[in-house]
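A, B, ... follow the sequence lines: proteins, then strands. Residue 1 opens every chain.
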Protein chains: 2
Amino acid sequence: MSPKNKETQLNQPITEVDRIIHEPARYLIMAYLYVVESADFLFLLRQTGLTKGNLSSHLGKLEKAGYVDIKKKFSGKIPQTLLRLTRDGRVAFDAYRASMKKALADLPNGRK
Amino acid sequence: MSPKNKETQLNQPITEVDRIIHEPARYLIMAYLYVVESADFLFLLRQTGLTKGNLSSHLGKLEKAGYVDIKKKFSGKIPQTLLRLTRDGRVAFDAYRASMKKALADLPNGRK
DNA sequence: GCAAACAAGTTTGTTATACAAACCAGTCTG
DNA sequence: CAGACTGGTTTGTATAACAAACTTGTTTGC
């Protein structure tokens, strides 16, 4: 009924993973903000390859989660949206990466 | 307009990640099948902590993706559902883990 | 021997999500 | 000054995850 090894019990950090960051598009956005500190909408648009609508809505979610700070300015007469990771965002991103690494590591090998 | 570092260009393996496996519940299911080779529905139910409905539907998706093989038997008079990873499933799982590890590694450090 | 409880799942319904397409306000250009 | 372009936001749709309700059959209590 049960498998041979009744003791099998995996660590399950993956079930508690931060869903906000787990979404690949948002991971990517956060990864960019993580390394560049601050960027504008169009930079992220180009780099991530997302559509504008998508980028906008993911940024909205990240803002709502408190992970990014959105500031709207004018650069001359042109509106410009400036994005940066908040401290919380940086912390959450580090935590996500650590927890995923842990989930991905240490799996017994199983059999072929 | 753009951030200071115009060269910034991350590897973006994360955008091509296998969405079937990326879902934590399914990752967990596959991880169990990966190590135990074969298990029944109730074993997975207990181990994963998913509800029956959820487990059933995730298994359905994994089957449709060709990642798990579902066999229904009777154990005496009691119906029993036997699950195992297919070869494709094992390969995909390995690939997913490799690709996520890569995405999680090598991020420049950014600034505080 | 039949009613109620249980086993092993599946189906259904709700809520949320990702995504692209359409839209919009304002600016620049020929 | 008409049309194209910038820099986005809003809207619509299809999928998804999840829990709750249901189903088919079996076992147990009375």
Please report the distance, rounded to the nearest Å, between [atom1] in [X] and [atom2] in [N].
X: B:Ile29; N: C:dG9; atom1: CD1; atom2: P; answer: 14 Å
X: A:Leu82; N: D:dG7; atom1: CG; atom2: P; answer: 13 Å
X: B:Tyr27; N: D:dA16; atom1: OH; atom2: P; answer: 21 Å
X: B:Ile70; N: C:dG9; atom1: CD1; atom2: C1'; answer: 11 Å
X: A:Lys72; N: C:dA25; atom1: NZ; atom2: C1'; answer: 13 Å
X: B:Leu59; N: C:dA8; atom1: CG; atom2: C1'; answer: 13 Å
X: A:Leu44; N: D:dG7; atom1: CG; atom2: P; answer: 13 Å
X: A:Leu42; N: D:dT6; atom1: CG; atom2: C1'; answer: 8 Å

Mind checking what makes side chain to side chain donor-acceptor pair (under 3.5 Å) contact with B:Thr81, not counting sequence neighbours?
B:Lys72
Taking only N and O in the side chain of B:Ser56, is any of them less than 4.0 Å away from OP1 or OP2 of C:dG9?
no
Check whether any side-chain N or O of B:Lys77 sits under 4.0 Å from OP1 or OP2 of C:dC6, and answer yes or no.
no
Is A:Arg19 close enough and on-axis enough to A:Tyr96, meaning under 6.0 Å and within 45°, for cation-pi?
no
Hey, does A:Lys73 reach any base, or is it just sugar-phosphate, or nothing, if we go heavy atoms under 4.0 Å?
nothing
Fit a plane to each ring of B:Phe93 and B:Tyr27, take the angle between them on a 0 to 90° scale, and name the class: parallel (under 30°), tilted (30 to 60°) or perpendicular (over 60°).
tilted
Contact state string [nucleotides 17-24 of chain C, B base, S sugar-phosphate only, - no protein heavy atom under 4.0 Å]
SSBBB---
Check: B:Asn54/B:His58 side-chain N/O donor and acceptor closer than 3.5 Å:
yes
Going by heavy atoms in the side chains, are B:Met30 and B:Tyr67 under 4.5 Å from each other?
yes
Can you list the residues that meet the salt bridge (charged side-chain N to carboxylate O under 4.0 Å, His left out) rule with A:Lys71, with sequence neighbours excluded?
A:Asp69
Give the minimum heavy-atom separation between B:Phe41 and B:Leu83, together with the two atoms involved.
N-CD2, 3.7 Å
